[in-house]
Asks: 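Before I ask anything, here is the structure I am working with.
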Amino acid sequence: MSQSESVLECQDLKAKGNLPRHVAIIMDGNGRWATRRGLPRIAGHQAGRRSVREVVEGCGELGIECLTLFTFSSENWSRPRAEVRALMRFLHQVLIEEVKALDENDVCLETIGRREDLPPEVNEELDKTMERLKDNKGLRLILALSYGGRRELVDCFQKLMGEVQAGRLRPEDVDEAMVERNLYTGDWPNPDLLIRTSGEMRLSNFLLWQLAYAEIYVTDILWPDFRKADLFQAISEYQKRDRRFGRVG
Ligand code: IPE
Ligand code: IPE
Ligand code: MG
């Protein structure tokens, strides 16, 4: 798709209104992309960097508030050590190399997940990058790193039970709003649209609470092949959905 076509479509989508406030993406299929080309799996992760750039740009152009990218799951630690190490090194390098472009695009960076599991050099670079981008008012880019939805719920329950034990909270005062405030995602709006690439029809422990009423869009495209036009296609599909939230349409 040419630049002018994609610009036109961006304007069309905006004109329709009804854009998602928060888009979440399970960026899947990097390994298969590489294997099909006879390349090592890490080449697929590296190729996915362009796709990240394109969706960040696309969300910025549309004026979307939040974009959460499933970057590394709590289960991904069980992959071969060499792949995990290569992924961490790559993340470190990308943070250094992309910060300028993110800043120019007015992007603010946040994370969810167990940062304490990450190598110290990655954590340091994350702190530096988030500090540099913290006053930006455009897209909120949220990286899910060492993230697991079940663990997030356990962490939330432990926090609330600690409050009960300390006598600061009564069990009957726990409601949905309180649970939500004590998740990693705090006060962010829940995702309206979940995109998963590579055709897999599962959540893989991603945002279990927050995705309760997200519209799900699965595409067979592998993550390294996902382009801005594909994001716009997913958003256009979202705009046609009838979100009933259990009511009669
Ligand atoms: C997604 O691609 C990236 C991460 C999970 C880090 P995969 O590495 O899962 O690619 P496939 O699913 O094996 O093709
Ligand atoms: C989900 O993809 C995690 C990320 C995209 C970071 P996986 O490839 O790890 O999920 P499964 O193993 O296919 O469920
Ligand atoms: Mg996968």
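Counting starts at 1 for both ligands and their atoms, in listed order. Bear in mind the structure is a predicted one, so any value in this text is a computation, not a measurement.
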Asks: Provide the closest heavy-atom pair for W209 versus E176 in the form atom of the first, atom of the second, distance.
Replies: CZ2-O, 3.8 Å
Asks: Please work out, at 4.0 Å between heavy atoms, whether the side chain, the backbone, both, or neither of N76 comes within that distance of ligand 1.
Replies: side chain
Asks: So which heavy atom in the protein is nearest atom 6 (C) of ligand 2, and how far is it from that ligand atom?
Replies: F70 O, 3.3 Å
Asks: Check for me whether R196 has a heavy atom closer than 4.0 Å to any atom of ligand 2.
Replies: yes
Asks: I'd like to know whether ligand 1 has R79 as a neighbour, heavy-atom separation below 4.0 Å.
Replies: yes
Asks: Are L126 and L145 close enough that some pair of their side-chain heavy atoms sits under 4.5 Å apart?
Replies: yes
Asks: Does G29 reach ligand 1, in the sense of a heavy atom lying below 4.0 Å from it?
Replies: yes
Asks: Under 4.0 Å from a heavy atom of I26: which atoms of ligand 2 are those, numbered in the order shown and with their elements?
Replies: 1 (C), 5 (C)
Asks: Just which atoms of ligand 2 are under 4.0 Å from any heavy atom in F72?
Replies: 6 (C)
Asks: Report the C-alpha distance between E131 and K134 in whole Å, list the side-chain angles of each, state the deciding distance to 0.1 Å, and finish with yes or no for salt bridge (Lys or Arg N to Asp or Glu O under 4.0 Å).
Replies: CA-CA 5 Å; E131 176 62 26; K134 75 176 189 319; 3.1 Å; yes
Asks: Over all heavy atoms of both residues, which pair between L109 and L95 is shortest? Give the atoms and the distance, please.
Replies: CD2-CD2, 4.2 Å
Asks: Counting only N and O atoms by type, is there a donor-acceptor contact under 3.5 Å from the side chain of K16 to the main-chain atoms of K240?
Replies: no
Asks: Would you say D28 reaches the Mg ion (ligand 3) with an N/O/S atom under 2.8 Å?
Replies: yes
Asks: Which residue supplies the protein heavy atom nearest to atom 13 (O) of ligand 2, what is that atom called, and how far is it?
Replies: R202 NH2, 2.9 Å
Asks: Quick one: closest heavy-atom pair of Q239 and G17, and the distance?
Replies: NE2-O, 2.8 Å
Asks: Measure the distances from the heavy atoms of M27 to every atom of ligand 2 and state whether one is below 4.0 angstrom.
Replies: yes
Asks: Which heavy atom of Y213 sits nearest a heavy atom of G246, and at what distance?
Replies: OH-N, 3.6 Å
Asks: Taking 4.0 angstrom as the limit and counting only heavy atoms of T71, give me the atoms of ligand 1 inside it, by number and element.
Replies: 6 (C)
Asks: Taking only heavy atoms of R32, which atoms of ligand 1 are found under 4.0 Å from at least one of them?
Replies: 11 (P), 12 (O), 14 (O)
Asks: Would you indicate which of D28, N30, L87 comes nearest to atom 8 (O) of ligand 2 when only heavy atoms are counted?
Replies: D28
Asks: Can you sort out the partners of R151 under side chain to side chain contact (heavy atoms under 4.5 Å, CB included), two or more places apart, ordered by chain and number?
Replies: R114, D155, Q158, Y184
Asks: What residues, two or more places apart in sequence or in another chain, satisfy side chain to side chain contact (heavy atoms under 4.5 Å, CB included) together with D192?
Replies: P20, R21, H22, Y238, R243
Asks: Among L211, V218, V23, which one satisfies side-chain contact (heavy atoms from CB on, under 4.5 Å) with L194?
Replies: L211
Asks: Output yes when the distance from some N or O of ligand 2 to some N or O of S204 is under 3.5 Å, and no in every other case.
Replies: yes
Asks: Can you tell me the protein heavy atom closest to atom 10 (O) of ligand 1 and the distance?
Replies: G31 N, 2.9 Å
